Amino acid sequence: MIDIHSHILFGLDDGAQTPEDTLSMARQAVSDGIRTIVATPHHKDGTYTNPPERILARCQEVQALVKEQGIDLTILPSMELRVNGSEVEDLKQELILTYNQGQRYILLELPRDHVPRYMESLVFNLQMQGIIPIIPHPERNKEISENINLLYRLVKQGAMAQLTAASVVGKFGKKIQRLSQDMIKHHMVHFIASDAHNTGSRGVILSEAYNELSKRFGADYVDLYCEYAEKVVAGKDCELIPVQKYKKKWFGIF
Ligand SMILES: [Fe+2]
């Protein structure tokens, strides 16, 4: 399995704090069946600023450390960039780290409470630069949770989206779990990732969520999501199932 969203690099954000934290997360990942982790430290989120060169250096250091400890895990670089309006300019100036430096995908985080009105045109403009934004945890965005079709519009425009494993298995409650299922059903999401910050409440565990996905939607979905993750780290295009608009079901007599 490949985990495309993780805060495993120590000392860069609110994820791992020490090399020991990183190693514990790496061991947890391997015992869960994960063989590749994309490290995605926060960038420009109002608290953390992590320029590409800092992430690349730490990623190399951590990969060496993990190897030295005999842990069979590949760690690749990327970042979790908070949407801020300067993406296109920053990309031109190489201030954004794309997935595995493939110049094809970025992890682009929305603010927690809303979807900026310029988001649709930003997705379009990024695509003009050859970049596909992956939106992490849309199921935890307040505005999308009230109107799931805001996500539909972004995906229709060319974005992809990633659910957090904990949401899929119900660790954030039934409401978020149901919303995640609706997103899966309507092909609004394409990945499940851990968004791990530690080995406890926000651990490096994917197998549980994939089991849930297989149980509810079939093993084909697991294969598809795994294939998408492989494509992302390889910088290759994904063949997507057309996204569907959510239509409210009305019950009762009129
Ligand atoms: Fe994250």
Side-chain angles (χ1 to χ4, degrees), residues 1-18 21-22 24-26 28-29 32 34 36-52 54-56 58-59 62 73 75-84 87 90 96-100 105-116 119 132-145 151 154 159-169 171-172 176 179-180 183 189-206 208-210 225 228-229 232-233:
M1 286 187 291
I2 301 175
D3 189 3
I4 66 156
H5 183 166
S6 171
H7 299 269
I8 191 168
L9 299 185
F10 66 89
L12 297 183
D13 62 10
D14 56 344
Q17 296 302 304
T18 63
D21 291 345
T22 293
S24 314
M25 288 173 77
Q28 186 181 40
D32 193 54
I34 296 167
T36 301
I37 287 184
V38 186
T40 52
H42 291 292
H43 181 51
K44 285 198 171 183
D45 70 338
T47 309
Y48 302 103
T49 305
N50 281 301
R54 184 186 301 163
I55 297 173
L56 289 169
R58 185 55 49 86
C59 195
V62 160
L73 183 70
I75 300 174
L76 301 173
S78 187
M79 59 169 54
E80 180 174 17
L81 175 69
R82 175 71 62 88
V83 67
N84 58 75
E87 290 77 4
D90 285 356
I96 291 176
L97 200 52
T98 58
Y99 265 91
N100 198 18
Y105 297 93
I106 59 170
L107 190 63
L108 186 62
E109 184 190 33
L110 295 168
R112 208 162 260 268
D113 57 344
H114 73 287
V115 179
M119 203 52 202
I132 297 166
I134 298 172
I135 298 166
H137 38 69
E139 77 282 11
R140 302 183 71 191
N141 177 279
K142 188 171 176 286
E143 216 180 354
I144 292 177
S145 74
L151 180 62
L154 297 177
M160 294 177 83
Q162 166 251 304
L163 293 170
T164 296
S167 304
V168 178
V169 298
K171 282 189 187 153
F172 296 129
I176 289 186
L179 185 63
S180 304
M183 289 173 176
V189 287
H190 314 87
F191 311 95
I192 296 174
S194 74
D195 193 6
H197 283 66
N198 49 50
T199 52
S201 57
R202 303 183 79 178
V204 205
I205 298 183
L206 281 183
E208 237 180 283
Y210 276 133
Y225 284 20
Y228 288 154
V232 165
V233 298

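The model shown is predicted, which means the values in this text are computed figures rather than measured ones. All values below were derived from every heavy atom in this structure, side-chain atoms included, with hydrogens, water molecules and symmetry-related copies excluded. Ligands are counted one by one from 1 in listed order, and the atoms in each one are counted from 1 as well.
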For this session: Evaluate the side chain to side chain contact (heavy atoms under 4.5 Å, CB included) criterion for residues M25 and S6: first the C-alpha distance (whole Å), next the side-chain angles of each, then the deciding distance (0.1 Å), finally the verdict.
Result: CA-CA 10 Å; M25 288 173 77; S6 171; 4.3 Å; yes

Exercise. So among M79, E109, R54, E80, which one has a side chain to side chain contact (heavy atoms under 4.5 Å, CB included) with H43?
Worked result: M79

Exercise. Within the side chain of D32, is there an N or O that forms a donor-acceptor pair under 3.5 Å with the backbone of Q28?
Worked result: no

Exercise. Is E208 reaching over with its side chain to a backbone N or O of I205, donor-acceptor style, under 3.5 angstrom?
Worked result: no

If the cut-off is 2.8 Å, does any N/O/S atom of [X] fall short of it from the Fe ion (ligand 1)?
X: H7; result: yes
X: E80; result: yes
X: H42; result: no

For this session: Could you check which N/O/S atom of D195 is closest to the Fe ion (ligand 1)?
Result: OD1

